[in-house]
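See below for the structure under consideration.
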Amino acid sequence: AEYMGHLTNYSVNRDSATFTEPTHGDAMGGSKWSLHTLINCWHEHSPKPWAEVWAGIYDVIIKTFLSIEEEVVAQTQRLLTHPNTCFELYGVDVMLSPGARPKLLEVNLMPSLCPSSQLDIEIKGDLLRQLLTLVGCVPYDRTKWVQCEEQRKQQSLKDMGKAPGTMHTPQRLLQQMLDGPKPLSAYLHLLSDSDRDMILYAEAEFRRRGDFCRIFPTETTEAQYGAYMPTRHTNTLLSRWEEQKALCRS
């Protein structure tokens, strides 16, 4: 119906005569809530565990982006000269049915980051700070980058033959992850340089995640989403790596 056309459109809803300006993150009185406020209200009023609802939302998000992965990867490879030089922030609108089942409404390619209230300043400001940390933005010097990249490649080759205690930081972190009751050291020599770089990049990104939660890939990715996943080496590599990490923790 037309009156439901802008059900989740904040820029339209804020002009309503019944709209109440949100104040801060823990306030329940406003027309716009933080996720933290929603979860607290859910625990008070719903018999269904929030963990089940959240897992369902994760499932919707993962399947949504798997459905466009092949096209996005193809266009990225066509347009970019170097990997890891761009990122995208999406806004996913999800509605819960009467049975608390999540339904996808839309995906916004350019979600609004303009703060229009104190609540927006708190949430969007923190989002941007953590997003740029997650991406790993650093001041760029092309000459210095070329020198560091060459040094890194040469050092990586040398470090592969060293004892774990003498490795440089990225390799030492990787080795610490491998050590345990079921170490993965036997697999390390099977990785190509590009595979090893991919794993180190993913691990470094994970350590910068802040309040972000990695929902793909995880140790259960192939079991849950193997039928939906495009056949892509990176997906398989990182999924298997997460599986092996889970075995190390067990």
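What's counted below: heavy atoms across the whole structure, side chains too, no hydrogens, waters or symmetry copies.
In this structure the side chain of K32 reaches within 4.5 angstrom of the side chain of D120, judged on heavy atoms. For the pair W33 and C41, the minimum side-chain heavy-atom distance is below 4.5 Å. Side chains of L96 and R101 form no contact here, defined as non-hydrogen atoms less than 4.5 Å apart. In this structure the side chain of S112 reaches within 4.5 angstrom of the side chain of K124, judged on heavy atoms.
Within the structure, no pair that satisfies the ring pair (Phe, Tyr, Trp, His ring centres under 6.0 Å) test touches residues 102-124, not counting sequence neighbours. Pairs of residues two or more places apart, or lying in two chains, that qualify as side chain to side chain donor-acceptor pair (under 3.5 Å) and include a residue from residues 53-65 are W54-Y58, D59-K63, D59-Y225.
For E242, the side-chain hydrogen bond (donor to acceptor under 3.5 Å, both in side chains) partners at least two apart in sequence or on another chain are R214, K245. In this view, A100 and W42, K48, V53 satisfy the side-chain contact (heavy atoms from CB on, under 4.5 Å) rule, not counting sequence neighbours. For the side-chain hydrogen bond (donor to acceptor under 3.5 Å, both in side chains) test, no residue two or more places apart in sequence or in another chain qualifies with S67. Residues meeting the side-chain contact (heavy atoms from CB on, under 4.5 Å) test with F65, sequence neighbours left out: I61, I68, Y90, V92, V107. When the side-chain hydrogen bond (donor to acceptor under 3.5 Å, both in side chains) test is applied to N235, the partners found at least two apart in sequence or on another chain are E69. Listed by chain and number, the residues in a side-chain contact (heavy atoms from CB on, under 4.5 Å) with C86 are L80 (sequence neighbours excluded). Legend: residues meeting side-chain hydrogen bond (donor to acceptor under 3.5 Å, both in side chains) with R129, ordered by chain and number and at least two apart, are D126. Under the side-chain contact (heavy atoms from CB on, under 4.5 Å) criterion, S194 pairs with S192, sequence neighbours left out. Residues that satisfy the salt bridge (charged side-chain N to carboxylate O under 4.0 Å, His left out) test with R209, not counting sequence neighbours, are absent from this structure.
Side chains of Q75 and E71: a donor on one and an acceptor on the other come within 3.5 Å.
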